[in-house]
Student: 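Structure incoming, see below.
Naming: A, B, ... by sequence-line order, numbering from 1 per chain. Side chains included, hydrogens not; waters and symmetry mates left out as well; all remaining heavy atoms used.
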Amino acid sequence: MTETYDDSFVKELTRMSDDFDRWYTDVVRKAELADYTPVRGCMVIRPYGYALWEGIQRAFDDMIKSSGHENWYFPLLIPEELFMKEAEHVEGFTPEVAWVTEAGSHGKLDQRLAIRPTSETIIGTLMRRYVQSHRDLPKLTNQWCNVVRWELRTRLFLRTAEFLWQEGHTFHANAAEAIEEVDRILEYYRVLAEDWCAMPVFAGWKTATEKFPGAVHTKSIEALMRDGLTLQAATSHYFGQNFSRAYDVSFANRENVREFCYTTSWGATTRLIGGLVMAHGDDFGLILPPKLAPVQVVVVPIYRTDEAHREVADFIAGWEPEVRAAGIRLKVDWSDERPGAKYNQWELKGVPLRLEVGSREVAAGEVRVVDRLTREKRQLGVNALGEQLSAELSAFQAALYQRALEFRQANTAVVKSLAELVEHFRTRAGYVSAPWCGEADCEAKVREATGGVKSSNYDPDRKAEGECLVCGRPGRYQINFARSY
RNA sequence: CGGGCGGUAGCGCAGUCUGGCAGCGCGCCUGCUUUGGGAGCAGGAGAUCGCGAGUUCGAAUCUCGCCCGCCCGACCA
């Protein structure tokens with residue numbers, strides 16, 4: 001038996017098709033993920049949103065621990081002198097650095113302190129103490145922390161003046177090992193995005209124009225949002241010896257020759273939560289992947305009388321422990337609302353499965369299960385309910401990924417020329433894949449001609465399918481272009 | 001940072017032009033009736049009108065400065 005409701009009217013929520021940006025802000029606030037604060041560009045992350053971050057943290061932290069990475073904590077404040085040592089890095093970051101210039105009764109400081117926008121400089125400075133010999137390498141460090149970047153235009157989760165992230169910083173005895181590290185972490189990010197967030201990504205190289213300031217090369221994962229814009233969801237950088245030279249992090253190699261370390265850094269931020277919202281949501285609100293959903297299954301009890309209330313409560317108590325024992329994050333919503341209000345509330349909050357339990361279910365020994373993705377209603381016997389729901393959640397996770405993948409396929413075009421590309425972005429969004437010669441000039445021309453379409457990333461193993469879309473010289477790479485967040 | 005718009009009860013807004021009792025809807029509290037897709041009735045609480053100066057007998061309303069947000073550009077995870 002299948003019942004579907006298609007009343008697309010949702011109170012107080014802008015429709016996605018009407019105004020995607022407003023829809024996004026509405027969902028983030030009404031689903032209680034985050035909110036504005038009196039502080040310019042800074043948000044408050046509410047428990048429901050923070051729980052998503054905790055899920056992401058747990059997943060990623062487990063991955064890096066499995067490869068021997070260790071968590072550290074480094075200072076929030078970085079003396080100006082230290083900050084200024086790597087020229088390209090300084091140039092890239094100074095426009096958005098916040099400085100502490102004055103402190104309490106001490107008054108004006110002799111030297112300004114940067115509030116970290118990222119920690120390469122302070123970590124490099126400190127790590128030289130701990131790295132003396134090739135036997136000390138590799139040093140695989142990570143920290144979970146906040147950073148501040150003085151952004152002019154902010155949006156909840158996607159771009160705020162302060163945000164949370166993890167930043168990994170690793171030190172190696174040779175280039176090959178560092179380059180391998182960058183790829184290992186990029187693969188972790190792919191797994192985090194695809195297996196946990198159910199967000200299909202392109203993992204690949206950023207162009208020289210788009211790379212991190214101070215990096216030799218940068219790789220990223222990029223995901224498509226439902227408005228057709230791409231989101232850079234995490235980055236992994238190879239620094240060669242750029243930072244170790246600037247901060248004098250060196251070691252004695254096997255021949256007792258002093259050598260600068262080869263370093264990497266990589267980061268993923270609370271922006272991923274914004275990605276989750278925009279990759280999966282619909283006109284009813286959030287849709288959360290079960291593996292990260294703070295509540296995976298919500299139970300809505302239905303009753304009129306005290307007696308029915310007792311019956312329903314007893315019935316739920318019969319299988320609730322078993323469902324929890326199956327490792328399912330279950331919430332029974334006994335709040336003093338009517339069932340319809342609860343349905344809407346939990347759909348807004350993106351809970352994957354809802355169980356409706358009333359006297360009909362009690363009598364039949366069933367629950368009514370409603371899927372957040374399809375919103376179809378089915379009856380499920382309570383026998384081995386934990387096992388059944390686990391299976392349902394796995395299927396949901398897969399279906400969510402599949403839907404996002406199909407959406408991306410439907411929104412990826414291939415073009416041969418700049419004219420075609422410009423024409424495409426006049427009416428459509430999504431990715432456009434095109435052959436490219438590898439020159440920054442040609443990349444810049446795409447950006448100019450389209451008013452802001454940027455290169456996303458590329459897979460160097462994929463050969464260009466024709467001549468460069470701009471200059472007509474032999475293509476080197478097949479690269480994705482998109483409008484981006 | 002440039003251009004435009006906005007800030008009045010928890011949320012969404014009217015009132016501002018033309019100065020004169022602080023309003024509406026939703027939400028919230030209490031009670032009763034309700035409860036399978038956002039309940040009904042009755043009563044009630046809640047606002048230094050973003051902040052600070054100024055003009056005026058009198059300012060949500062006029063003037064100046066500042067803060068915050070939104071949209072469009074340039075910059076960025």
Student: Rounded to whole angstrom, note down the C1' distance from B:C1 over to B:A9.
Tutor: 35 Å
Student: Could you label the plane-to-plane angle of the A:Phe239 and A:Phe212 rings as parallel, tilted or perpendicular, counting under 30° as parallel and over 60° as perpendicular?
Tutor: tilted
Student: Between B:C71, B:C75, B:U35, which nucleotide has the shortest distance from any of its atoms to the side chain of A:Asp21?
Tutor: B:C71
Student: Please evaluate the base of B:G36 for a donor-acceptor partner in the side chain of A:Arg304 within a cut-off of under 3.5 Å?
Tutor: no
Student: Given the C1' atoms of B:A59 and B:U16, what is the spacing between them in whole Å?
Tutor: 10 Å
Student: To the nearest Å, give me how far apart CZ (A:Phe20) and P (B:C71) are.
Tutor: 13 Å
Student: When the ring planes of A:Tyr238 and A:His217 are compared, do they come out parallel, tilted or perpendicular, using 30° and 60° as the limits?
Tutor: tilted
Student: Rounding to a whole Å, what distance do you find between A:Arg29:CZ and B:G12:P?
Tutor: 6 Å
Student: Do any side-chain nitrogens or oxygens of A:Arg360 fall under 4.0 Å of OP1 or OP2 in B:G36?
Tutor: no
Student: Please check if the number of heavy atoms outside A:Asn383 that lie under 6.0 Å from its CG is greater than 12.
Tutor: no
Student: Report the base-pairing partner of B:C32 (Watson-Crick or G-U wobble, both distances below 3.5 angstrom), or none.
Tutor: B:G40
Student: Below the 4.0 Å mark, does B:C70 have OP1 or OP2 next to a side-chain nitrogen or oxygen of A:Tyr36?
Tutor: yes
Student: Would you mind classifying the nucleic acid contact of A:Gly41 as base, sugar-phosphate or nothing, using non-hydrogen atoms under 4.0 angstrom?
Tutor: sugar-phosphate
Student: What's the gap between B:G50 and B:G10 when it is taken at their P atoms, as a whole Å value?
Tutor: 13 Å
Student: Ignoring hydrogens and angles, answer whether the base of B:G37 and the side-chain atoms of A:Lys377 contain a donor-acceptor pair closer than 3.5 Å.
Tutor: yes
Student: Does anything in residues 143-150 of chain A reach RNA chain B, meaning a heavy atom under 4.0 Å, and if so which residues?
Tutor: A:Arg149
Student: Remember a base hit wins even if backbone is also touched, and classify A:Gln232 as base, sugar-phosphate or nothing at under 4.0 Å, heavy atoms.
Tutor: sugar-phosphate
Student: Does the ring of A:Trp346 carry A:Arg354 above it, NZ/CZ under 6.0 angstrom from centre and within 45° of its axis?
Tutor: no
Student: Answer with yes or no whether A:Glu337 presents, from its side chain, a donor or acceptor under 3.5 Å of a partner atom in the base of B:G38.
Tutor: no
Student: Is there a Watson-Crick or G-U wobble partner for B:G10 with both distances under 3.5 Å, and if so, which one is it?
Tutor: B:C26
Student: Could you state the CG-C1' distance from A:Leu156 to B:C68, rounded to the nearest angstrom?
Tutor: 13 Å
Student: What orientation do A:Trp436 and A:Tyr477 show, parallel under 30°, tilted 30 to 60°, or perpendicular over 60°?
Tutor: tilted
Student: Answer yes when A:Glu222 and A:Lys206 have at least one side-chain N-carboxylate O distance shorter than 4.0 Å, and no when they do not.
Tutor: yes
Student: Can you check the A:Arg22 CZ to B:C11 P distance for me, whole Å?
Tutor: 15 Å
Student: Need one value for A:Leu158: base, sugar-phosphate or nothing, where a base atom within 4.0 Å counts as base even if backbone is also close, heavy atoms only.
Tutor: base
Student: Using atom P of each nucleotide, how far apart are B:C26 and B:G65 to the nearest Å?
Tutor: 40 Å
Student: Can you find a donor-acceptor pair, distance only, under 3.5 Å between A:Gln345 side chain and B:G37 base?
Tutor: no
Student: Could you tell me how the ring of A:Tyr189 sits relative to the ring of A:Trp266: parallel (under 30°), tilted (30 to 60°) or perpendicular (over 60°)?
Tutor: perpendicular
Student: Scan A:Arg354 against the nucleic acid and name what it touches under 4.0 Å (heavy atoms): base, sugar-phosphate only, or nothing.
Tutor: base
Student: Which one is paired to B:C49, where only Watson-Crick or G-U wobble pairs with both distances under 3.5 angstrom count?
Tutor: none
Student: Base, sugar-phosphate, or nothing: which does A:Thr94 touch, judged by heavy atoms less than 4.0 Å apart?
Tutor: nothing
Student: If we count only N and O atoms by modelled type, under 3.5 Å, do the side chains of A:Thr264 and A:Glu181 hold a donor and an acceptor together?
Tutor: no
Student: Take A:Phe163 and A:Asp336, find for each the nucleotide of RNA chain B with the closest heavy atom, and name the residue whose nucleotide sits nearer the 5' end.
Tutor: A:Asp336
Student: Taking CG from A:Asp19 and P from B:C5, how many angstroms apart are they, rounded to a whole number?
Tutor: 19 Å
Student: Within 45° of the six-membered ring axis of A:Phe284 and under 6.0 Å from that ring's centre, is NZ or CZ of A:Arg375 located there?
Tutor: yes
Student: Taking only the P atom of each, what is the distance from B:A53 to B:U61 in whole angstrom?
Tutor: 14 Å
Student: Of the options B:C70, B:C75, B:G12, whose atoms approach the side-chain atoms of A:Thr154 most closely?
Tutor: B:C70
Student: Starting from the 5' end of RNA chain B, give me the residue, A:Gly452 or A:Glu356, whose nearest nucleotide shows up first.
Tutor: A:Glu356
Student: Does B:A60 have a Watson-Crick or wobble partner in any strand here, with both distances under 3.5 angstrom, and which is it?
Tutor: none
Student: Heavy atoms under 4.0 Å, any strand shown: does A:Glu210 hit a base, just sugar-phosphate, or nothing?
Tutor: nothing
Student: Is A:Arg408 close enough and on-axis enough to A:Phe202, meaning under 6.0 Å and within 45°, for cation-pi?
Tutor: yes
Student: In whole Å, what separates the C1' atom of B:G44 from that of B:G52?
Tutor: 35 Å
Student: Atom OH of A:Tyr343 and atom P of B:G37: how far apart are they, to the nearest Å?
Tutor: 6 Å
Student: Provide the Watson-Crick or G-U wobble partner of B:U16, both distances under 3.5 Å; none if there is no partner.
Tutor: none
Student: Round to a whole Å and report the spacing from CZ of A:Arg155 to C1' of B:C72.
Tutor: 13 Å
Student: Using the C1' atoms only, state how far B:U8 lies from B:U48, rounded to an integer number of Å.
Tutor: 12 Å
Student: When the C1' atoms of B:C66 and B:C57 are compared, how many Å lie between them, rounded to an integer?
Tutor: 29 Å
Student: Please give the nucleotide sitting opposite B:C70 as a Watson-Crick or G-U wobble pair, both distances under 3.5 Å, or none.
Tutor: B:G4
Student: Which word best sums up how the rings of A:Trp144 and A:Phe60 line up, parallel for under 30°, tilted for 30 to 60°, or perpendicular for over 60°?
Tutor: perpendicular
Student: Could you tell me how far apart A:Asp333 (CG) and B:G37 (P) are, to the nearest whole angstrom?
Tutor: 15 Å
